[in-house]
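What follows is a set of notes on a single structure, which appears directly below.
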2 protein chains.
Amino acid sequence: MKQNPTLKKIAERLSVSISTVSRALKDHPDISAETKKKINELAELLEYDPNPYAVNLRTHSSKEFAVVVPSLSNFFYHSFISAIEEHARSFGYSVIIYRSSNDPVIEQEILKSCRHKRVSGIFIAITSETKEMEPFLKLDVHGIPVIFFDKVPQYESCNKICVGDELAATIAAEEIIKKGITNVIGIFGNKNMSITKARLSKFNSVLASNHTDMDLKIAYANSSEESEIQTMSLLSEFEGRKFAVFCMSDEVLAGSMKAIQRKGLVIPDDLGVIAISDGMIPKLFYPEITYAETSGYNLGKLAFDRMMRCISGSSFAQTIIDESKLVVGGSI
Amino acid sequence: MKQNPTLKKIAERLSVSISTVSRALKDHPDISAETKKKINELAELLEYDPNPYAVNLRTHSSKEFAVVVPSLSNFFYHSFISAIEEHARSFGYSVIIYRSSNDPVIEQEILKSCRHKRVSGIFIAITSETKEMEPFLKLDVHGIPVIFFDKVPQYESCNKICVGDELAATIAAEEIIKKGITNVIGIFGNKNMSITKARLSKFNSVLASNHTDMDLKIAYANSSEESEIQTMSLLSEFEGRKFAVFCMSDEVLAGSMKAIQRKGLVIPDDLGVIAISDGMIPKLFYPEITYAETSGYNLGKLAFDRMMRCISGSSFAQTIIDESKLVVGGSI
DNA sequence: TTTTTAACCGCAAACGTTTGCGGAAACATT
DNA sequence: AATGTTTCCGCAAACGTTTGCGGTTAAAAA
């Protein structure tokens, strides 16, 4: 059970004081070049690294960010985290990832732990059940910036980075219109989520405003399985006619695709498919599914920039929208 | 910028000593019931929680596990992490997740950080480039148990928890034989990975030993894209005959499925498909793909049990294999 | 030669805990 | 009444850093 080297050990071996070692290691001007060299060499040799607990206890700063997401099995979050990590690393921060399992209770615990660990900042996609804003405000009181992303609260005065739901829905709707399709099945997610509402209302209005004879059938699904069932029953409605299926997320897309395959329908001959997605699921099929892209990586970069601004002090609450673009597959 | 309450604050408010507060909070017999009550109430009110940095500095123990994986966009790792988290939580541990991006350098940094943070233990799936065992041995010297899972090193004397590659390959091969298929395309992963070698050799030998007229065509792919290309070219070989495609992992399965769809082939009429998988990708298609299941959740549970044994002292190196079972879809 | 000034370095306190030890009451035992 | 036992609590050191301040030497200025 070896001990890690400490300032004290280095100091003793070199017959200098602990403070000298500490200062030498951070290139303090008070220490002579000669002494610095000696100390740095020994530190190198011993593979000295400051004990983060002691540093934190002393300085109250941890140089690490927390990312909290409901789930990890999600390409979107994955690429978001990639962006955060990449940028954080270059600023000397490390990032730790928490998973709330979409459970508000666990989310609370995580937040508390973040507070006590005095993380430098938190990126969080809240659970669909999160109602209380108070824990987040408390973090603010303690000087820990919070950046909400993707799944954000209604609450106004906080930092939010979101995908452009309206634009994404518009892009998808316009593509359908462009193809001259007037029979549309729309599969959406949980009815209560703000993102569902935003995407639906925009999708609806764009379609309606362009075609008076638009026939749009809507279903909500909380899971892939539900989506499959809903799609299954809606598919029969347009039997024989030219129509399209729109899926507002990867989760529902997965279910819908299964229903389509089950029916033995051929894309794009029998029907068109279009989705809002990060691009993982659409690329599993042939033809690849056309989708309005929501880029986790972009969002991560935006969120990180925002975070650095907060840390540097210039922090007024702000909502940033990342606009998506159409990625053409062959599905419509 | 509020401060968290400390032992000192509580002590002052109650005119007792810090040590009394500390002991009361952990139900030490030296403290009278009355005093304990007073202290606990105030602590509750103030939402006191011990400063983890101070605790760790003092006790040298962090009550947190680290999980290190090459990638997060992976259903298998995701369910592994779920299992670890679930069990850890019930033991009062928290878990932090690190992502090595399959980069040995980043992996090193993570390990170092774990050492300095004195995590209670590490679960790690190493990168495909990891050669050095020395950093892991060093962790051991520092009293930090390391449990390797899934992607494990060759090195003998360490704790490894793996999926049963041989059994999984056997299950898949036997299913093919059972269906009376003698023309087989096998798509495998990176040629250098031990898991590829294990699965291939077993798959090969089981097929060969049962049918002398077995026609097996093999391809290696490092990515989904490569897998699609490889499958594409191999598919033409068995034109018109009854045959099956075997995919050794989700990654290659994704590519192969795309090739199959591209060719317009119908499963299971034109060909059979079978894979080794954790179950995510197979369920995206209809008919669902039949697969030999490698359960991340099971593996996580096994790994956690092993970890707890290590921590309690009874730690001799051991390799544990989780045996998989056949999950029948309709693809063969 | 004496004084000023700069260049180097160490002392000690503080961050918030945990814990061995010792001490003062209060009680029970001869 | 004197001694032995509990019961309850506080002192102080330690964990490994950072940092304000003060002190010592040597070089520069007078």
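In what follows, chains carry the letters A, B, and so on, assigned in the order in which the sequence lines appear, proteins first and then strands, with residues in each chain numbered from 1.
Mapping B/I18 and A/D30 onto DNA chain D by nearest heavy atom places B/I18 at the nucleotide closer to the 5' end. Between B/Y48 and B/R23, the one whose closest nucleotide on DNA chain C sits nearer the 5' end is B/Y48. Heavy-atom distances to DNA chain D give each of A/K8 and A/S22 a nearest nucleotide, and the one nearer the 5′ end belongs to A/K8.
In this structure, B/N51 atom CG and D/dT17 atom P are separated by 17 Å, rounded to whole Å. If you measure from atom NZ of B/K38 to atom C1' of D/dC8, you get 12 Å, rounded to the nearest angstrom. B/I10 has its CD1 atom 12 Å from the C1' atom of C/dT17, to the nearest Å. The nearest whole Å value for the distance from the CG atom in A/L46 to the P atom in D/dG16 is 14 Å. Summarising the geometry, the separation between CG on A/L57 and P on C/dC15 is reported as 9 Å, rounded to the nearest angstrom. When the C1' atom of D/dG16 is taken as reference, atom NE2 of A/H60 falls 14 Å away, rounded to whole Å. One can place NE2 of B/H28 at 11 Å from C1' of D/dC9, the figure rounded to the nearest angstrom. Protein atom CG of A/L25 is 15 Å distant from nucleotide atom C1' of D/dT19, rounded to whole Å.
Not one N or O on the side chain of B/H142 forms a donor-acceptor pair closer than 3.5 Å with the backbone of B/I144. In this structure, the side chain of A/K160 engages the main chain of A/Q154 through a donor-acceptor pair within 3.5 Å.
For B/S17, no side-chain nitrogen or oxygen approaches OP1 or OP2 of D/dC11 to under 4.0 Å. One finds a side-chain N or O of B/T35 lying less than 4.0 angstrom from the OP1 or OP2 phosphate oxygen of D/dC9. Of the side-chain N and O atoms in A/S32, one or more sit less than 4.0 angstrom from OP1 or OP2 of C/dC9.
You'll find the side chain of B/Y77 reaches within 4.5 Å of the side chain of B/D150, heavy atoms only.
As judged by a 4.0 angstrom heavy-atom cut-off over every strand, A/I31 is placed among residues touching the sugar-phosphate backbone only. Residue A/T6 is in sugar-phosphate contact alone, with no base atom involved, counting any heavy-atom pair closer than 4.0 Å across all strands shown. Across all strands shown, A/S19 has heavy atoms under 4.0 Å from base atoms, whether or not it also approaches the sugar-phosphate.
Looking at B/D305 and B/K301, a side-chain N of the basic residue comes within less than 4.0 Å of a carboxylate O on the acidic one, giving a salt bridge.
Geometric assessment of A/R118 against the ring of A/F65 yields a negative cation-pi assignment under the 6.0 Å and 45° thresholds.
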